[in-house]
Amino acid sequence: MADEKTIPAYDAEAIETKWQRIWESEDTFKARDDSARPKKYVLEMFPYPSGDLHMGHARNYTIGDAMARQARMRGFEVLHPMGFDAFGLPAENAAIKHGVPAGAWTYANMDTAIKTMKRMGFSYDYDRLVRTCDPEYYMWGQWAFLKMWEKGLAYRATSPVNWCPSCNTVLANEQVVDGRCWRCGSVPEKRELSQWYLKITDYAQELLDGIDALDGWPERVKAMQRNWIGRSEGAEIDFALADEDGVTPTDRLITVFTTRPDTIYGTTFFLLPPESALAAELVAGTPAESAYLELKRSVEQVSSVDRQGSGREKHGVFTGRYVINPLTGRPLPIWVADYILLDYGTGAVMGVPCGDQRDFEFARTFGLPIPPIIAQRDDPLYEQLKDVQDMVVAEVDWDHAMDAEGYLIQSGPFTGLLGGKHSPAVDAIIEYLSERGLGRKTVQFRLRDWLISRQRYWGNPIPMIHCDCCGDVPVPYDQLPVLLPEALDLGAGETLAEYAPFYETTCPACGRPARRITDTMDTFTCSSWYYLRYCDPRNDELPFSKDAADRWMPVDNYIGGIEHAILHLLYSRFWTKVMRDLGMIDCDEPFENLLCQGMVKDANGGTMSKSRGNVVPPSSVIEPYGADTMRLAILFIAPTEKDFNWDEEAVAGANRFIKRAWRTVWGLAGSADGARELDVPSLDAVSAELWRRLNELGLKCTADFDRGQFNTAISAVMELVNDASKYVQDVPAERRDGALCARVAHDIVAMLSPICPHWGEELFHEALGATASLYDEPWPAFDAEQAKSSMVEIVVQIKGKVRGRAMVAVDATDGELEEAAKAAVAAQLVGKDIKKIITVPGRLVNIVAV
RNA sequence: GCGGGCGUGGCGGAAUUGGUAGACGCGCUGGAUUUAGGUUCCAGUGGGCUAGCCCGUGAAGGUUCGAGUCCUUUCGCCCGCACCA
C-alpha cells in the first residue's frame, strides 16, 4: 500500500532517459509493412537542418507524436517517419563563412536535431530516416526529372525570369512573395535567361478541381491554392492590325484575352505591355519610339514591389498605330501601358474604360473617350439607350467604371442583354464571334510553369548534358546518380559551372565531348515526394515500390506551418499526380487531412527570432521540467491551429498537474486489487460515481483525441484526476474499491500517455506492474451506458428563464418530468396560466406560463 | 478590390444536433500546513445592486418555448492574394 511517504518522487530526467533507451533498443516504433492492422500515416513536415530545433518544431512534432501514439493504441499500424530537407542555401552560406564543407555543416546539424527529437521522446521510426542530400535519395529526384523529360513535362526555355541578386540564382514565381525573394527578402530583377521548367500548368485544371475533395484541409489553404491557380473563363478575340493609314485592316491579327467579351462595344483603345516585342516593332523608327523606350526603361527601373497596388498612377504611350474592332469595324489606337502584364493571357488587352476601373483611369489620364455600354435598370441611361444599338452617347460623366452586372446599351444586336461575368451577353457574344472565326471561348490560369533550375551548388544536379551537336541530352538511367562533387572550394567562390571535373563529360548520344548542366534543382523538388520515399526508404531499384506506396499512402494526417500553403503543398500535389500518371501509385492526392499549427510567439506576442533575442529554446524547458511537461504545456495552452504566446506560468502549471497526476496514480495503485475483477453492481455510491465519471470523461477524451483537440482531451483527464484524487483523499482505504482504483489508474495513464509518454510508461510499469509497452496496450474502452447516472438534475425554466432545479430519474417520462418541474417552481406559478410545457429529457423543462 | 477566418471573464480558452454560458488551466483573494519563502491542501473568483433578483458571448434587429450557436444588417480585428484584363 502506497501512502504519501512511499510514493517515489517524479524525476522527469531519469524517467525520460530510461524510456528513450528502452524504446530504442526494443524498436517499439518501427512501422511494419506486413502488419494486418489498418494503417495510419502520420507525418510532420520535415525540417531544414539549419541548427537545433526551435519551439515551432517542438510544437509541430508534439502534435504529430500525440496523434501517432494514440493511433497506435487505437489499433492502427502507424507509419510515423522523420527526415531532413537537407539541400539549400544556408549550408552554402555557412560553408563560405566558416570554411566548412556544406555537407559537413548539414550532417552535423542533422545530428544535433536528431538528439533533440530523441530527447523529446518522439516516436519516429528512425530506420526510415530520409536525408535529401544523400545520393541514395536525390538520385530518385533525378530519375523523376528524366521521366518528366520523356513525357514532355520537363523542358528548357528562355524567358524573363526573377533573378535574386543576393542569392545569385533564379526563383520560381511561387518564391517571389510580396515582390521579394522568399528567403532573403531582396527584390528580384527580371532577366532573360534559359532555364529549366516543370510543366505544372498541364495539371492546372486537375489541381484546381482536386481542391474541392480535400475535405480535411483548412478552408484558407484551399482558398489560397485556388487563388494561386487563378482560373478565369473568358474569350480570346482577334483584332486585325490596321495599315499605317489607321483604317485598312491587314492580315496580321493581335489576339486579346478578356473575361468580359460582352463589353467589346465599349472598347476605345488597345493595350500592349512595355516588354512587348510587337510594341517595339510598331514604334521602331517612328516619332513614338523615344517616348516608348523611355516608358520601357522606367518600368524596368521600378521594382515589382512598387509596381503593385491598384491606386498607382498609370503611364502610357500612343504607338501611332491602330487595330480594328472586329464587331464595330472602328479603329482603336494602340497604346503601350505600364499596367499591362506580358505573361498573363495573350499579353494584349482591349481597353474598355466604361467597364474596367483600370482602363477607366487610363482613359481619364490620357483623355480617351468613355462611352457607356452597360447600365443598371435604375440608371437614366438605361431608359434612354436600352433599345439603341448605335453609339449615340460617346462620353459618360461617371467618376469610376461600372464593373457590376447591368444591361448592354449601344451594343449593336446585343443591346438589351444582361451583361457581366458569366452573363447571357457573354455567351451570346462568344457564340457570335466563334461562328465568324473572330474569337473563341477559352480559360486562362494564373499558374505558371515551375521554374526549377538554380544556379547554386548545394542541390540536386539536373541530370542533363548539353552537346553542341545533339542539344540537350538526358543522362542515361544507368549513370544515375549524377553525384554532387564534394571537392568544390565554395569559400573561394568556386561554382559548379567553373568546376571542370563535374561539367566535363561526353555526349551519351554521339560520344563527343559535351558539358553537363551545372544548375541544380530547386529544393522544393526534394520535398515534393519525400513522403513517398518514407514508404520504401531503402529501395535501390526505384524511388519506391508501388506496393509500399499503395499500402501507406495517402498521408492520413499531415502537420506543418501555414507558410507552405502554396509552395510545398501545391508542388507535392503536382508530383503525386505525375507519379500516378507514371503508374507508380494509385492515389492522386497525397495528404488526406492537413493541420496547420499556429505559431509560438514570445510572452508579448512577438515573433521569436535570434535578432530580437527573444527565442525560448526547447532545452530551457526540458532541462528544468522534462520533455513530458513541455509536451503537455504545448498541447494544453491553446488549440493546435491557433498562435499562442509562450507563458512560463502555464508551463509551471502543466508541471504541477503532471506531478499531481503522478501522485494520484500512485495513490490509486496503492489501493488497487489486481486479483479481483471490477464488479460494477456491487459498488457503493461514491465508487459508482467515480466509475460513472471515468466512463463519461473517457468518452469525452477519446472523442477529443479523434478530433485532434488535445487541449480539451487534457482537460477531461484533469477532471478525472481531480475526481480520483478526491476519492483517494475522502474514502478511507478499507472502503475503496480496489478493482475500480486499478482501472481508473490504468485509464488515466493510458489517456495521458500519447502526450506524456515517458510518464505514462513509468507509471504503467512501476506503479501498475505492467511488463509490456503501454503502446502495445489497446486504448481503453468506455461505455456510454455506464456514463449515465440514475438521477439527473434538470433545469426548470419559466418562459425560457431558469427558475429552479429538480432531481429526476434519468429515465423519467415526460409526465414525471412535468410534475417534478411544476413542484420545483410551484410558488412562482401561482395565479399563472400554463400554456405549454416543453421537456428535454435529461436536460430541462420549460414551462410557458403567463 | 477579391478570397478565407475571428470577436465569449483579468488571461489562455470550454460549450455534438439551438437546451444550465464561462468546463479545464493560469492569475488573483481568503484560509490550513510551514520558522519563513516555495510546495501541498481547502474555499472563493463574469458584472451589478436593494441579496434574490437583474444584466451579460462586438452592436442592432429577427426566427424560436428557448439563441454564443440559425437568419438579416452593422462595427471591429487578423490572414492570404492583388494593375491577372
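Just so we're on the same page: letters track the sequence lines, and every chain starts at 1. Just so it is clear, the structure is predicted and the values come from calculations on it, not from any experiment. What you see below is based on every heavy atom in this structure, not just the backbone, and it leaves out hydrogens, waters and symmetry mates.
- Note on A/Val349: a base of the nucleic acid sits closer than 4.0 angstrom, heavy atoms only.
- With a 4.5 Å cut-off on side-chain heavy atoms, A/Pro326 and A/Ile264 count as touching.
- What separates CZ of A/Phe445 from C1' of B/A85 is a distance of 17 Å, to the nearest Å.
- When distances run from any side-chain atom of A/Asn227 to the nucleotides B/U20, B/C81, B/U40, the shortest one goes to B/C81.
- Regarding A/Trp646, its CH2 atom lies at a distance of 19 Å from the P atom of B/G25, rounded to whole Å.
- Side-chain N/O atoms of A/Tyr727 and A/Asn722 include no donor and acceptor closer than 3.5 Å.
- In terms of position along RNA chain B, the nucleotide closest to A/Val795 lies nearer the 5' end than the nucleotide closest to the other residue of the pair A/Ile562 and A/Val795.
- A syn base is found at B/G9: its glycosidic angle is within 90° of 0.
- Nearest-nucleotide mapping onto RNA chain B: of A/Asp643 and A/Thr346, the residue sitting toward the 5' end is A/Asp643.
- We find that CZ of A/Arg226 is positioned 17 Å from P of B/C81, with the value rounded to whole Å.
- Of the listed nucleotides (B/C24, B/C65, B/A85), B/C24 has the atom at the smallest distance from the side chain of A/Phe636.
- A donor-acceptor pair under 3.5 Å links the side-chain atoms of A/Thr258 to the main chain of A/Arg260, judged by distance alone.
- Taking 3.5 Å as the limit, the base of B/C65 and the side chain of A/Asn846 contain a donor-acceptor pair of atoms between them.
- The residue A/Ile838 sits close to a base: some heavy atom pair falls under 4.0 Å.
- Within the structure, every side-chain polar atom (N or O) of A/Lys642 is placed at least 4.0 Å from both OP1 and OP2 of B/G12.
- Base contact: A/Gln797 has a heavy atom under 4.0 Å from a base atom.
- B/U40: Watson-Crick or G-U partner is B/A32, with both key distances under 3.5 Å.
- The nucleotide whose nearest atom lies closest to any side-chain atom of A/Asn722 is, among B/C24, B/G5, B/A85, B/C24.
- Phosphate proximity of B/A85 to A/Ser232: present, with a side-chain N or O under 4.0 Å from OP1 or OP2.
- As rounded to whole Å, 14 Å separates atom P of B/G80 from atom CZ of A/Arg446.
- Listed candidates were B/C81, B/G4, B/U20. Nearest to the side chain of A/Val177 is B/C81.
- Taking the six-membered ring for Trp and thresholds of 30 and 60 degrees, A/Phe239 and A/Phe270 have ring planes inclined between 30 and 60 degrees apart.
- When distances run from any side-chain atom of A/Glu219 to the nucleotides B/C41, B/G5, B/C26, the shortest one goes to B/G5.
- Side-chain proximity of A/Asn711 to B/C24, B/U20, B/G13: nearest is B/G13.
- Across the protein-nucleic acid pair, A/Gln709 atom CD and B/G12 atom C1' stand 14 Å apart, rounded to whole Å.
- Rounding to whole angstrom units, CD1 of residue A/Ile229 and C1' of B/C84 are separated by 15 Å.
- When distances are taken from the side chain of A/Ser715 to each of B/C26, B/G19, B/A23, the shortest belongs to B/A23.
- If you check the side chains of A/Tyr571 and A/Glu174, you find a donor sitting under 3.5 Å from an acceptor.
- The distance from atom CD of A/Glu696 to atom CG of A/Leu720, rounded to the nearest 0.5 Å, is 10.0 Å.
- Side chain of A/Phe257, nearest nucleotide from B/A85, B/C83, B/C42: B/A85.
- Side-chain proximity of A/Arg656 to the nucleotides B/A85, B/G19, B/G27 is greatest for B/G27.
- The OG1 atom of A/Thr702 lies 11.5 Å from the CZ atom of A/Arg707; values are rounded to the nearest 0.5 Å.
- The side chain of A/Arg803 places an N or O atom within less than 4.0 Å of a non-bridging phosphate oxygen (OP1 or OP2) of B/C54.
- Counting any heavy atom pair closer than 4.0 Å across all strands shown, A/Pro218 reaches no nucleic acid atom.
- Applying the 3.5 Å distance criterion, the base of B/C65 shares no donor-acceptor pair with the side chain of A/Lys835.
- Candidate nucleotides B/G12, B/A23, B/A14 were compared by shortest atom distance to the side chain of A/Ala638, and B/G12 ranks first.
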